[in-house]
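Report on the structure given below.
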Amino acid sequence: MTVRQVNVDYKESPNRKTPIASTRNIGIMAHIDAGKTTLSERILYYTGRNHKLGEVHEGNATMDWMVQEQERGITITSAATTCYWRHCRINLIDTPGHVDFTAEVERSLRVLDGAVGVFCAVGGVQPQTETVWRQAKKYKVPTLAFVNKMDRTGANFFKVVDDMHKKLGVTAVPMVLPIGAEADFTGIVDVLNEKAFEFGGDDGMVFKEIPVPADLVEMMKEKRSHLIECVAEVDEEIMEIFLNDQVPTVEQLKAGIRKAVIAGRLVPAYCGSAFKNKGVQFLLDAVVDYLPSPVDVWETKGMNPDTEEPMVRTAGDEKPFAALAFKIMSDPFVGRLVFFRVYSGIAVRGVTVFNPRTRKRERLGRLLLMHANHREECEEIFCGDIAAAVGFKNVTTGDTLCDENNQIVLESMHFPEPVISIAVEPKTSADRDKLYGALGALSDEDPTFTMKSDTETGQTIISGMGELHLEIIMDRLKREFNVDANAGQPEVAYREAILQPATADSKFVRQSGGRGQYGHCILNLEPKERGHGITIENKVVGGNIPKEYIKPIEQGIREAAQTGVLAGYPLIDFHVDIVDGSYHPVDSSEMAFKIAASMGLKDAAKKAGLTLLEPIMKVEITTPDENMGDIIGDISSRRGSIVEIETQESATRVLANIPLSELFGYATAIRSLSKGRASYTMEPSVFERVPEAIQKKIVEKTK
């Protein structure tokens, strides 16, 4: 996405109710339990969308509409809604904080123009905060910060802002100062306008202006000067005023802050307590004032589906239609819902659009504006808006929908690989077909959930991002799809990797009466760094292998990599050069070259030497000081390594790397070690080599 630098004219549909420039597409993102959903509920209440405050702990939050969310008090699926503040329409997506549902955050950030990062005033920057921040940075999403839970014991706004500088590497500037802290948090000082406000009333609707407290006047001036300095580095007009020892007006500063935020150079930081209804309106003002509209993010990058040359599509209702499908959902009332964001043009009910991936037309059936799980029918969806459609037959997450005469493929999304697997089987034969249909629908919805059949055992293996992820899947199978299934013990999704370069000369020859089979290729295989993936390059010269057989060779290599060589786990992170080979004018076929390549990869991998890789989890444990010795001893017994120990006011924070295979049942273990007082969160970090002795056991078990 390119930030708009010049004033470009664009035309709007006369049917629009809100101008494109007054639209904000924002997401709420944070570590688990930082208060995202509570903040979303307050936003809906203050904007007049809801007339009653929903609470997560009471199970009546609008945005946590799934039964599983209400029971557990966590967000599992990202929920979209629309509300209005001042003159702006805000399309809001509340995302999950739990690492098992990281795909929901990834796909939401891909289609948003701005985000609000929520931080716990006590916990500061936590592991999952770093993950969602990296995701936002990847898609160049401008961000505001809201330091929540200022009423909690140990709350420290400035420590969190400092944490953001150190751990996230961002220029975070306080836009407000808290008046009091913990139980005495009563108001805020607005640094930009040099005013103070005191909160009153039970629902936060009332707050009154008061004189700036004497002990905060000096700090307010200091933070305001710092703010002007930071903006001057981005905005030339402010820089000129600053160098002439003049003071910019509030309006000039607002324009400069907006420019700096959209450029990703500044993160304005606000504070409050969403649960106690304090400080949310100031954050809403900042969303309107500083986060971009679809016309600020003027150009959306893509490529030509035929030539693969880079293309851009600019915003505007009168432009050719282009939208990105970012989420699939099974709705019990309307069927398969496809959520999409319109980047240019208008989606009109009943019109046919084109999917460049399938090269097929799709009809826009019913168009729905979503408010969590409530639907509102409409005839048109305008540029910059987020909506859902019913009636698509073959659209998956990441597909582009466009005008057939103006084709473009928009940048898609990349999702992490599943790290944990279990075997599932239906309780009765009557449930068998229902189970496969239900699992297919769930994997259609969730790109990080996969299913496959084990050809040797006949079992169905499902894989996901963690124990909770698979637990939710099993729960949904029973409740939503009425399928009773048994689940096996969780197993780690290992990977295989080669240790050194190797070459294979592979020939597949079959002679029978009549036409035979002939495929011959020479492959050079070399290991690559973690995260490289699989890359293949054709270096055949002189036409020794005709071009039409190169693609089957690539398919053979990729298919062989999926089933692995050492223990049946996928082979990852390597590069293959197809260097030479030969063909037979009569007997050669695509299938023969595919089989030859598959045999060649396995042969080269065996020569190169193989190792197993296991997922290592980044684990953050918060424990009372007296239990720290037991916790650290337990980490060592689980093959873990301590990364950092930080002593906080009321507890100690331990950051460690531990193999996933050692973490099954960790929740029970940590409770017994600390008498229920310690807590932990974890997220996938890297894949590392499995120790030789453990690798031997795994290989023997799979054989």
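Nothing fancy with the numbering, it's 1 onward along the sequence. These figures come from a predicted structure and were not determined experimentally.
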Would you call [X]-[Y] a salt bridge at under 4.0 Å N-O?
X	Y	answer
Lys327	Asp446	no
Asp385	Arg341	no
Lys697	Glu692	no
Glu620	Arg653	yes
Asp573	Arg530	yes
Arg476	Glu471	no

Taking the six-membered ring of Phe481, is the NZ or CZ of Arg479 close enough (under 6.0 Å from the centre) and on axis enough (within 45°)?
no
Is there a donor-acceptor pair closer than 3.5 Å between any side-chain N or O of Glu614 and the backbone N or O of Glu688?
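Side chain of Glu614 to backbone of Glu688: no pair is present.
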State whether a side-chain donor-acceptor pair under 3.5 Å links Glu106 with Tyr139.
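Tyr139 and Glu106 do have a side-chain donor-acceptor pair below 3.5 Å.
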Do you know which two heavy atoms are closest between Tyr436 and Met451, and how far apart they sit?
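In terms of heavy atoms, the two residues are closest at CD2-CE, 4.3 Å.
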Run the side-chain hydrogen bond (donor to acceptor under 3.5 Å, both in side chains) test on Thr358 and Asn394 for me, step by step, so that the C-alpha distance in whole Å, both residues' side-chain angles and the decisive distance to 0.1 Å come before the verdict.
CA-CA 8 Å; Thr358 60; Asn394 193 8; 4.9 Å; no
Decide side chain to side chain contact (heavy atoms under 4.5 Å, CB included) for Ile642 and Ile635; before the verdict, give the C-alpha distance in whole Å, the side-chain angles of both, and the deciding distance to 0.1 Å.
CA-CA 8 Å; Ile642 306 292; Ile635 289 169; 3.7 Å; yes
Taking the ring of Phe119 and the ring of Phe146, is the distance between their centroids below 6.0 Å?
no
